[in-house]
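Reviewing the structure listed below.
Nothing fancy with the numbering, it's 1 onward along the sequence.
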Amino acid sequence: MSRDLGQDVSESSAAAEGLGQNGPAPLYMQVKQMILGQIRNGNWPPHHRVPSESELVKELGFSRMTINRALRELTVDGHLVRMQGVGTFVAEAKGHSALFEVHNIADEIAARRHRHHAEIIKMERGSATTEQAIALGIREGAPVFHSVIVHYDNDEAIQIEDRYVNPELVPDYLQQDFSRQTPFTYLSQIAPLTEGEHVVEAVLAAPWEQQLLHISATEPCLLIRRRTWSQRRVVTSARLLYPGTRHRLEGHFKQGDS
């Protein structure tokens, strides 16, 4: 909080120059764009206090209803955090993953200039249950490898990777040190991805998952069920669990994509 409020309001006013004269966009949308501009250009970093509704009304000359709607929608979108009796602040940016692609979580974290590390919870050999056999395309009771890994973004748990692997395709999986490289990196070398499947759900974490992610029982979570193929054979079936307040999915498509 090294910057004073007068400077913030002054910058808001400067950034808002021309608001109301920018074409057909509704006024509340113009206010949203002005605030997002302040966030994206670094003037208002995470945890920075945003001028109050009264201050913005005074500086921008818009109604309180217009300002309130802009702040409310930016809060719903995850750009701001509003604390009753305290004020409105710029939210910490959420991590994100591609919805239609398979990426390395370590690369996604590095792209945000954050630090990735992983904690190995479980590495074991077992016998495939009916559900696991169907998912991997193997017979029930056949050998299966199982790993549970927690991935961290700047020391904050961001994903539980609960993965089953077909030993016929990746026989040395359990011998790998996944604190040094992710399963994604290793599997991409041994059984290159040719096809993938994502199923996305909103869930509540199981008690053991809550403990690993350091979240409450009521924290909504994002679950991706992912299967990957190499040369028409299923290599892995994974559950990727993210705390909903720390992560989002992004996708991009064009008309005609299928």
Side-chain angles (χ1 to χ4, degrees), residues 94-112 116 118 120-151 153 158-203 205-206 209 221-244 246-258:
K94 289 186 180 182
H96 65 274
S97 294
L99 176 59
F100 304 123
E101 301 171 349
V102 178
H103 289 170
N104 184 7
I105 188 170
D107 292 341
E108 293 176 345
I109 291 172
R112 300 193 287 274
H116 166 268
I120 312 304
I121 305 301
K122 185 179 294 185
M123 295 281 287
E124 64 183 8
R125 176 189 177 99
S127 299
T129 64
T130 301
E131 181 181 3
Q132 294 157 10
I134 292 172
L136 292 172
I138 59 179
R139 63 177 176 81
E140 185 176 351
V144 65
F145 293 154
H146 181 209
S147 63
V148 177
I149 301 171
V150 180
H151 295 279
D153 180 338
I158 195 172
Q159 182 201 86
I160 296 176
E161 175 188 323
D162 188 353
R163 183 184 297 273
Y164 289 90
V165 178
N166 185 342
E168 292 183 14
L169 303 180
V170 195
D172 296 327
Y173 182 79
L174 294 182
Q175 280 68 58
Q176 307 310 305
D177 181 0
F178 291 126
S179 65
R180 300 178 63 87
Q181 67 173 337
T182 63
F184 174 93
T185 300
Y186 175 70
L187 292 169
S188 296
Q189 297 166 352
I190 304 302
L193 173 70
T194 57
E195 185 179 349
E197 172 188 86
H198 279 167
V199 178
V200 182
E201 301 178 62
V203 300
E209 295 168 327
C221 292
L222 187 67
L223 174 65
I224 301 177
R225 298 182 187 273
R226 174 187 292 170
R227 289 197 298 166
T228 56
W229 284 256
S230 183
Q231 300 301 325
R232 298 189 177 183
R233 295 194 66 185
V234 181
V235 180
T236 77
S237 173
R239 295 175 72 258
L240 309 175
L241 186 71
Y242 302 85
R246 302 174 196 166
H247 203 78
R248 70 176 187 268
L249 285 177
E250 294 183 354
H252 178 80
F253 60 91
K254 296 184 293 186
Q255 186 175 8
D257 285 355
S258 59

For residues A191 and V235, report the shortest heavy-atom separation together with the two atoms involved. CB-CG2, 3.9 Å
Output for pair (T236 OG1, L136 CG), nearest 0.5 Å, gives 7.5 Å
Any side-chain heavy atom of R163 within less than 4.5 Å of one from L187? yes
What's the verdict on side chain to side chain contact (heavy atoms under 4.5 Å, CB included) for E168 and R233, showing C-alpha distance, side-chain angles and the deciding distance? CA-CA 10 Å; E168 292 183 14; R233 295 194 66 185; 2.9 Å; yes
Applying the side chain to side chain donor-acceptor pair (under 3.5 Å) criterion to R225, which one of E201, H198, E197 satisfies it? E201
Checking H116, R112, Q159 against D153 for side chain to side chain donor-acceptor pair (under 3.5 Å), the one that qualifies is R112
Between Y173 and S147, do the side chains contain a donor N or O and an acceptor N or O under 3.5 Å apart? yes
R227 (side chain) donor-acceptor with A135 (main chain) under 3.5 angstrom: yes
Are F178 and E161 close enough, and set up right, to give a side chain to side chain contact (heavy atoms under 4.5 Å, CB included), and what steps lead you there? CA-CA 11 Å; F178 291 126; E161 175 188 323; over 6 Å; no
State, without any angle test, whether T185 and T182 hold a side-chain donor-acceptor pair at a distance under 3.5 Å. yes
Within a reach of under 6.0 Å around CD of Q231, are more than 12 heavy atoms found that belong to other residues, nucleotides or ligands? no
How many angstroms lie between CD1 in I105 and NE2 in H151, if you round to the nearest 0.5 Å? 5.5 Å
Can you tell me how far the OG atom of S230 sits from the CD atom of E195, to the nearest 0.5 Å? 10.5 Å
Here the pair of heavy atoms bringing I138 nearest to A142 is CD1-CB, 4.2 Å
Nearest heavy-atom contact between I121 and V150 is CG1-CG2, 3.8 Å
What's the spacing between I160 CD1 and Y242 OH if we round to 0.5 Å? 11.5 Å
Contact between R125 and P143 at the side-chain level, heavy atoms closer than 4.5 Å - yes or no? yes
Between V203, L240, V200, which is the residue that forms a side chain to side chain contact (heavy atoms under 4.5 Å, CB included) with L222? V200
Provide the closest heavy-atom pair for P171 versus Q175 in the form atom of the first, atom of the second, distance. O-OE1, 3.9 Å
Atom pair CG/CZ of L193 and F184 - distance to nearest 0.5 Å: 7.5 Å
Are V170 and N166 close enough, and set up right, to give a side chain to side chain contact (heavy atoms under 4.5 Å, CB included), and what steps lead you there? CA-CA 6 Å; V170 195; N166 185 342; over 6 Å; no
For L241 and C221, work out which heavy atoms get closest and say how close. CD1-CB, 3.7 Å
Can you give me the closest heavy-atom contact between I149 and A118, atom names plus distance? CG2-CB, 3.8 Å
With no hydrogens and no angle check, is any side-chain donor or acceptor of Q176 less than 3.5 Å from a backbone partner on D172? yes
Straight-line distance of Y164 OH to H146 NE2, nearest 0.5 Å: 3.5 Å
